[in-house]
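Step one of this worksheet: look at the structure below.
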Amino acid sequence: GPIDVLVACAGASTPGYFVEQDLALFERAIQLDYFGTLYPVKIAAKMMVDEKRAGEIIMVSSAAAFVTFVGYSTYSPAKFAVRGLAETLRNELLPHNIRVHLLCPCDTDTPGFAEENRTKPVECVEISKQGSVVSADAIGAGLMAGLDRGDFFIGGDFGSQVLFALGNGA
């Protein structure tokens, strides 16, 4: 059937030191985080344009797409790519009445985050202690509030908003 709203949420992080990580982890990150977002967005956007149907496309990236740290050399570049795709499509799809949004949450309490913590370098663990882990429900509430406002960038939480500002030179 027709698509009105797409939420493209794909990703996993396996932190570690760049020089110690196998190239397969970098390839996996691009395949999962970027292409796992690109493929459904491509299909949904084409359907919306072909059917002359207004819609919403929400791409989930990460606060790490704006500010990154030791240990995220596999994850951050893939999430930067999602950010770049969203920024490009925001403009390209607007004439078709398709709104694109970019959700970039900070550390979120999920099973994936628990797995990520197993391989974090010590420097990253210390940096993470400075912030807080946000519930998935809080990120969802932030997403809904951002959609209601018509925001392109949606942090989902205060920490993400701060990193967005820092990462954009504000």
Side-chain angles (χ1 to χ4, degrees), residues 2-15 25-69 71-110 112-113 116 131 134-170:
I3 297 173
D4 295 312
V5 177
L6 171 72
V7 179
C9 180
S13 178
T14 308
L25 287 173
F26 294 87
E27 291 173 2
R28 176 182 171 263
I30 292 296
Q31 285 298 320
L32 175 61
D33 298 0
Y34 178 66
F35 285 110
T37 299
L38 175 87
Y39 294 149
V41 168
K42 176 90 165 113
I43 291 166
K46 180 153 180 37
M47 288 176 67
M48 290 174 180
V49 168
D50 288 351
E51 296 170 4
K52 296 181 179 15
R53 185 175 194 82
E56 310 263 347
I57 295 175
I58 302 151
M59 291 183 235
V60 180
S61 181
S62 170
F66 293 93
V67 178
T68 190
F69 306 103
Y72 284 95
S73 59
T74 56
Y75 182 71
S76 290
K79 290 302 187 174
F80 268 92
V82 171
R83 173 186 170 189
L85 178 65
E87 289 184 5
T88 302
L89 295 183
R90 171 189 191 191
N91 298 316
E92 187 172 326
L93 296 177
L94 192 58
H96 300 282
N97 209 17
I98 300 168
R99 294 190 329 166
V100 174
H101 309 275
L102 181 66
L103 176 64
C104 295
C106 282
D107 292 343
T108 306
D109 187 16
T110 64
F113 182 66
E116 174 184 328
V134 181
S135 74
D137 287 343
I139 297 299
L143 171 61
M144 296 311 293
L147 292 173
D148 286 345
R149 289 189 303 270
D151 294 350
F152 165 68
F153 172 78
I154 302 170
D157 66 295
F158 179 72
S160 296
Q161 295 293 134
V162 170
L163 289 177
F164 172 71
L166 292 172
N168 283 302

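Below, all heavy atoms of this structure are taken into account, side chains as well, without hydrogens, waters or symmetry copies.
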Heavy-atom pair with the smallest gap, counting every atom of [X] and [Y]:
{"X": "L147", "Y": "E56", "answer": "CD2-OE1, 4.3 Å"}
{"X": "I98", "Y": "A45", "answer": "CD1-O, 4.3 Å"}
{"X": "Y34", "Y": "A81", "answer": "CD1-CB, 3.5 Å"}
{"X": "V100", "Y": "A86", "answer": "CG1-O, 3.7 Å"}
{"X": "A65", "Y": "F80", "answer": "O-CE2, 3.0 Å"}
{"X": "M59", "Y": "V82", "answer": "CB-CG1, 4.1 Å"}

Any chance you could measure [X], atom [atom1], to [Y], atom [atom2], to the nearest 0.5 Å?
{"X": "K46", "Y": "E51", "atom1": "NZ", "atom2": "CD", "answer": "10.0 Å"}
{"X": "L102", "Y": "R90", "atom1": "CG", "atom2": "CZ", "answer": "9.5 Å"}
{"X": "E116", "Y": "S13", "atom1": "CD", "atom2": "OG", "answer": "4.0 Å"}
{"X": "I30", "Y": "L38", "atom1": "CD1", "atom2": "CG", "answer": "11.5 Å"}
{"X": "F152", "Y": "L94", "atom1": "CZ", "atom2": "CG", "answer": "11.5 Å"}
{"X": "Y75", "Y": "L25", "atom1": "OH", "atom2": "CG", "answer": "14.5 Å"}

Does [Y] offer a backbone N or O that forms a donor-acceptor pair with the side chain of [X] under 3.5 Å?
{"X": "N97", "Y": "R53", "value": "no"}
{"X": "T108", "Y": "C106", "value": "yes"}
{"X": "K79", "Y": "F66", "value": "no"}

Do the non-hydrogen side-chain atoms of [X] and [Y] ever get within less than 4.5 Å of each other?
{"X": "V134", "Y": "P105", "value": "no"}
{"X": "L103", "Y": "I139", "value": "yes"}
{"X": "S76", "Y": "F69", "value": "no"}

Full working for side-chain contact (heavy atoms from CB on, under 4.5 Å) between Y39 and K42: CA-CA 5 Å; Y39 294 149; K42 176 90 165 113; 5.8 Å; no

Full working for side-chain contact (heavy atoms from CB on, under 4.5 Å) between L93 and I57: CA-CA 10 Å; L93 296 177; I57 295 175; 4.1 Å; yes

I154 and I58: CA distance, side-chain angles, deciding distance, side-chain contact (heavy atoms from CB on, under 4.5 Å) verdict: CA-CA 10 Å; I154 302 170; I58 302 151; 5.9 Å; no

Chi angles and distances behind the side-chain contact (heavy atoms from CB on, under 4.5 Å) call for H96, M48: CA-CA 8 Å; H96 300 282; M48 290 174 180; over 6 Å; no

